[in-house]
Protein chains: 2
Amino acid sequence: MDKIDRRILTILQKDARRAAELIGAEVGLSASAVQRRIVRMREEGIILAEVAVIDPKRAGKALTMIVDVEVERERPELLASLKQWIAAEPCIQEAWYVTGAGDYVLIVLARDVEDFEALMQRLVADNANVRRFQTRVALSTLKRGMWVPLDPSS
Amino acid sequence: MDKIDRRILTILQKDARRAAELIGAEVGLSASAVQRRIVRMREEGIILAEVAVIDPKRAGKALTMIVDVEVERERPELLASLKQWIAAEPCIQEAWYVTGAGDYVLIVLARDVEDFEALMQRLVADNANVRRFQTRVALSTLKRGMWVPLDPSS
DNA sequence: TATGAAAACGATTAACT
DNA sequence: AGTTAATCGTTTTCATA
């Protein structure tokens, strides 16, 4: 991945529909050359996907919660099923396993508080290793996205 | 937004490049009808963007941190500039203002620990209202994305 | 007002230099 | 990597329900 690839990716991360010819004009390449680089980066897995981003509010998901989930580290055999549970749960948008007391951090979308409560009850009921969780409500979303900064040099 | 719109969005949230004709085959509409609905949803702001998702590791951003930032609520005049600072900082990928003791939650990408430390030092140096912060390192990323579940009924 | 069919247009892909 | 030609997808047009 060279400097031009990075510039192409910086553009595509904001607008995946930008025509190769326009990108080429910005980076000083023909449309075909740009297109070839894009195809290559898809194949190499640098570009993981091209997706539509929709407004959660318009989709009836007005609430965002940041949930810290503490699990019992003594029962590692239950971790795989918890991971699967998280993967299968569409309202859990993002999840990380983090340093600390066996903690997971979840980004959860919900229609309302009842919707969220129901999800959390299922989380606890379905996963015996969940010891407790702490919820923080997002009062405002300052920034969202998957945008990765790319050093334009080198 | 009707049931078919929701089905179209569910598809586009996974693959924004899917041809309208293929989507039409799934939802029982012609390519033109699907295309018109997509254009309408872009105009209405339901579809916020169509973006390429890239692998942060391949982009040299191997570390993800979840940072809780505590700010002094007594100085609300400094909040606007903190928000701008966050917006302008490319390594801060996501940010929410959350319930609790004047807390922000940040998702931060970094090349390495030094890179991260430098960012946090700038955060504190540039924003006098930042009282303290707590960092958790993402040991594994279980789930990422902007995918919003859409009730296929109604 | 929304659709499907078909023409016109534009972008991507493939072949060749 | 660039240029051209062929292919494919989108957009527009138009007739219809």
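Here is the naming used below: chain letters follow the sequence lines, and residue numbers restart at 1 for every chain.
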Full working for salt bridge (Lys or Arg N to Asp or Glu O under 4.0 Å) between B/Arg132 and B/Glu72: CA-CA 9 Å; B/Arg132 64 173 144 259; B/Glu72 297 179 11; over 6 Å; no
Derivation of the side chain to side chain contact (heavy atoms under 4.5 Å, CB included) call for B/Leu139 and A/Thr99: CA-CA 7 Å; B/Leu139 300 172; A/Thr99 48; 3.7 Å; yes
Which donor-acceptor pairs under 3.5 Å do the side chains of residues 8-29 of chain A make with protein atoms, sequence neighbours left out?
| unit_1 | atom_1 | unit_2 | atom_2 | d |
| --- | --- | --- | --- | --- |
| A/Thr10 | OG1 | A/Arg6 | O | 2.8 |
| A/Gln13 | OE1 | A/Val148 | N | 2.7 |
| A/Gln13 | NE2 | A/Val148 | O | 2.8 |
| A/Asp15 | OD1 | A/Arg17 | N | 3.0 |
| A/Asp15 | OD1 | A/Arg18 | N | 3.4 |
| A/Arg18 | NH1 | A/Glu26 | OE2 | 2.5 |

Which donor-acceptor pairs under 3.5 Å do side chains of residues 118-129 of chain A form with protein atoms, sequence neighbours excluded?
| unit_1 | atom_1 | unit_2 | atom_2 | d |
| --- | --- | --- | --- | --- |
| A/Arg122 | NH1 | A/Glu89 | OE1 | 3.2 |
| A/Arg122 | NH2 | A/Glu89 | OE1 | 3.2 |
| A/Arg122 | NH2 | A/Glu89 | OE2 | 3.4 |
| A/Asp126 | OD2 | A/Trp85 | NE1 | 2.8 |
| A/Asn127 | ND2 | A/Leu123 | O | 3.0 |

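In terms of heavy-atom proximity, B/Ile47 sits nearest to B/Glu50 at CG2-OE1, 4.0 Å.
Here C/dT1 presents its C1' atom at 14 Å from CG of B/Leu29, a figure rounded to the nearest Å.
By the 4.0 Å N-to-carboxylate-O rule, B/Arg136 lies close enough to B/Asp68 to be salt-bridged with it. Under the 4.0 Å criterion applied to side-chain N and carboxylate O atoms, A/Arg37 and A/Asp2 are assigned as salt-bridge partners. Taking the charged nitrogens against the carboxylate oxygens, B/Arg40 and B/Asp5 do have a contact shorter than 4.0 Å, which makes a salt bridge.
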Under 3.5 Å, which protein N or O atoms sit close to an N or O of nucleotides 11-15 of chain C? Give each pair with its distance.
| unit_1 | atom_1 | unit_2 | atom_2 | d |
| --- | --- | --- | --- | --- |
| C/dT12 | OP2 | A/Ala20 | N | 3.0 |
| C/dT13 | OP2 | A/Gln35 | NE2 | 2.8 |

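Among the atoms of the strands shown, only primed sugar atoms or phosphate atoms (P, OP1, OP2) are found under 4.0 Å from some heavy atom of B/Arg37.
Hydrophobic cluster membership for A/Trp96: A/Ile66, A/Val98, A/Val105, A/Ile107, B/Ile66, B/Trp96, B/Val98, B/Val105, B/Ile107 (Ile, Leu, Val, Met, Phe, Trp, Tyr linked by side-chain heavy atoms under 4.5 Å, directly or transitively).
With hydrogens and angles left out, the side-chain atoms of A/Arg144 and A/Gln93 include a donor and acceptor closer than 3.5 Å.
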Secondary-structure notation, DNA chain D, from Watson-Crick and G-U pairs under 3.5 angstrom (| other strand): |||||||||.|||||||
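The span of DNA chain D lying next to chain A, judged by atoms under 4.0 Å from heavy atoms, is bounded 5' to 3' by D/dA1 to D/dT11.
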